[in-house]
Amino acid sequence: MNILLSNDDGVYSQGILSLAKKLSVNNNVLVVAPDGNRSACSHSLTISKSVKLEKVDIDKAFDVYALSGTPADCVKFSKIIFKDFNTDIVIAGINKGHNLGSDILYSGTVSIALEASFFGHVSFAVSSYNLENGDYDLFADYTEKIINFLLPLSEKGDVWNINFPDNNKKIQGVKLTSLGKHIYSDNYVEVAKGEYLLSGEPLCLENEEDCDIYWCEKGYITVTPILFNKTDYKKLGEVKEKCEQLL
């Protein structure tokens, strides 16, 4: 199988390299990732300037390229420039820090998977709860098992969001679940005259028990199928006939 790997932490991140080493044992792996950290850049594309590609020598078992663009750029670029690789699936991660619930709206990691779905690929966004000191070799082992399980159950364009719990907790199992809601105690701290830095911690919200935030905090690996389509079909059905009176 031909696997395209990318991330938003940068090409030298431990998470993506652990996953590449694990998956390259039985698959052809191509790594195309940003040349630096692009966390929380969502689904942005580089359209007003050129992007630079550089081959990086990291491991002889797989090819690695650093791109000066965004995570979503990496997928679009790879589909065109590396079309002869004939990508079968796309994996984003393993990300440093979770992408749970509403956090996916900001996530460069999840945007990689969503961009891949536009090309019809089954894709996976993989993240770890820990910002630092994650056990990425262990997470890579689990990722391979989960992906091999989900692939036969997947259809063209399916996107799976996977989150590993705090590695200080024993992994309790795997939960297929819905997205929760993450709200933060946002604050902009002035770090220099006229310069501000966003900071904040997750607030304790009452999420439903059957959601990714709840289960990940309980020590479970969470798996959620997601879509790019944000249409509110309930509201659409409620107001559609009334809106026809506008014209």
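Just so it is clear, the values below take in all heavy atoms, side chains as well, and ignore hydrogens, waters and symmetry mates.
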ask   = Which of parallel (below 30°), tilted (30 to 60°) and perpendicular (above 60°) describes Phe77 and Phe82?
value = perpendicular
query = Of all heavy-atom pairs between Gly134 and Asn167, which one has the smallest distance, and what is that distance?
reply = CA-OD1, 3.5 Å
request  = Rounded to the nearest 0.5 Å, what's the gap from SG on Cys74 to NZ on Lys76? Could you check?
outcome  = 12.0 Å
query = Would you find a donor on one side and an acceptor on the other, under 3.5 Å apart, between the side chain of Asn2 and the backbone of Asp88?
reply = no
key: Minimum-distance pair of heavy atoms, taken over all atoms of Ser44 and Ala72   = O-CB, 3.7 Å
key: Asn95 CG to Leu19 CG distance, which is reported to the nearest 0.5 Å   = 12.0 Å
ask   = Nearest 0.5 Å, what's the CG-OG distance between Asp212 and Ser178?
value = 7.0 Å
inquiry  = Just verifying a value: how many Å separate Ile226 CD1 and Leu114 CG, rounded to the nearest 0.5 Å?
reply    = 4.5 Å
Flag for Asn163-His98: side-chain donor and acceptor within less than 3.5 Å = no
inquiry  = Test of understanding: with side-chain hydrogen bond (donor to acceptor under 3.5 Å, both in side chains), list the residues that count as partners of Asp73, not counting sequence neighbours.
reply    = Thr46, Thr70
ask   = For Glu190, does the CD atom have more than 12 heavy-atom neighbours from other residues, nucleotides or ligands under 6.0 Å away?
value = yes
task = Look at the aromatic rings of Phe118 and Phe228 and report parallel, tilted or perpendicular, splitting at 30° and 60°.
result = perpendicular
key: Cluster link Tyr220 to Phe149, ILVMFWY, side chain under 4.5 Å   = no
query = How about Asp166 and Asn130: does a side-chain donor come under 3.5 Å of a side-chain acceptor?
reply = yes
task = Consider only side-chain heavy atoms of I, L, V, M, F, W and Y, link residues closer than 4.5 Å, and tell whether Phe119 and Val159 are in one cluster.
result = no
ask   = Would the number of heavy atoms belonging to other residues, nucleotides or ligands and lying under 6.0 Å from NZ of Lys49 be above 12?
value = no
inquiry  = Treating Arg38 as the side-chain partner and Ser68 as the backbone partner, does any N or O pair qualify as donor plus acceptor under 3.5 Å?
reply    = yes
ask   = Within a strict 4.5 Å, meaning less than it, do heavy atoms of the Lys218 and Lys175 side chains meet?
value = no
key: Short side-chain to backbone donor-acceptor contact, Thr109 and Ala92, under 3.5 Å   = no
ask   = When hydrophobic residues are tied together by side-chain contacts of less than 4.5 Å, even through go-betweens, does Val56 share a cluster with Ile16?
value = yes
ask   = Does Gly10 offer a backbone N or O that forms a donor-acceptor pair with the side chain of Ser13 under 3.5 Å?
value = no
query = Which heavy atom of Phe85 sits nearest a heavy atom of Asn28, and at what distance?
reply = CZ-O, 3.5 Å
task = Determine the minimum heavy-atom distance between Ser117 and Ser123, stating which atoms define it.
result = N-OG, 4.3 Å
query = Hey, mind stepping through Glu144 and Asn26 against side-chain contact (heavy atoms from CB on, under 4.5 Å) and telling me if it holds?
reply = CA-CA 10 Å; Glu144 183 178 49; Asn26 296 310; 4.1 Å; yes
key: Side-chain donor or acceptor of Glu241 paired with backbone N/O of Val239 under 3.5 Å   = no
ask   = Taking side chain as C-beta onward, heavy atoms only, is Asp9 less than 4.5 Å from Ser39?
value = yes
ask   = Is atom OH of Tyr12 surrounded by more than 12 heavy atoms (other residues, nucleotides or ligands) closer than 6.0 Å?
value = no
key: Main-chain N/O of Ser127 paired to Asn99 side chain as donor or acceptor, under 3.5 Å   = no
task = Step by step, work out the side-chain contact (heavy atoms from CB on, under 4.5 Å) result for Glu54 and Val11.
result = CA-CA 11 Å; Glu54 182 180 358; Val11 71; over 6 Å; no
task = Write down the atom of Gly69, the atom of Pro34, and the distance for their closest heavy-atom approach.
result = O-CB, 3.9 Å
key: Main-chain N/O of Ile104 paired with Ser107 side-chain donor or acceptor, under 3.5 Å   = no
task = Group every Ile, Leu, Val, Met, Phe, Trp and Tyr by side-chain heavy-atom contacts under 4.5 Å, then state whether Ile91 and Ile58 land in the same group.
result = yes
inquiry  = Distance check, rounded to the nearest 0.5 Å: Met1 atom CE versus Asn86 atom CG?
reply    = 14.0 Å
remark   = side chain to side chain contact (heavy atoms under 4.5 Å, CB included) with Val29: of Asp63, Val64, Leu23, Asp59, only one passes, and it is Leu23
query = Residues two or more places apart in sequence or in another chain: which of them pass ring pair (Phe, Tyr, Trp, His ring centres under 6.0 Å) with Phe139?
reply = Phe164
ask   = Do Phe124 and Leu151 come within less than 4.5 Å of each other through their side chains, counting heavy atoms only?
value = yes
request  = Identify the heavy atoms of Gly219 and Pro165 that sit nearest to each other, and give their distance.
outcome  = O-CG, 3.4 Å
inquiry  = Using 0.5 Å steps for rounding, measure from the NZ atom of Lys52 to the CG atom of Leu67.
reply    = 11.5 Å
ask   = Does the side-chain contact (heavy atoms from CB on, under 4.5 Å) test come out yes or no for Lys230 and Leu105, once each step is laid out?
value = CA-CA 11 Å; Lys230 299 175 184 176; Leu105 297 176; 3.4 Å; yes
task = State, without any angle test, whether Thr224 and Asn161 hold a side-chain donor-acceptor pair at a distance under 3.5 Å.
result = no
request  = Run the numbers on Asp141 and Asp137 for side-chain contact (heavy atoms from CB on, under 4.5 Å), then give the verdict.
outcome  = CA-CA 6 Å; Asp141 289 341; Asp137 289 338; 5.6 Å; no
task = Kindly say whether Lys181 contributes a backbone atom to a donor-acceptor pair with the side chain of Ser102 at under 3.5 angstrom?
result = no
task = Please check if atom CD1 in Ile47 has more than 12 non-hydrogen atoms from other residues, nucleotides or ligands closer than 6.0 Å.
result = no
query = Are Trp215 and Leu176 connected in the hydrophobic side-chain network, where two residues link if heavy atoms are under 4.5 Å apart?
reply = no
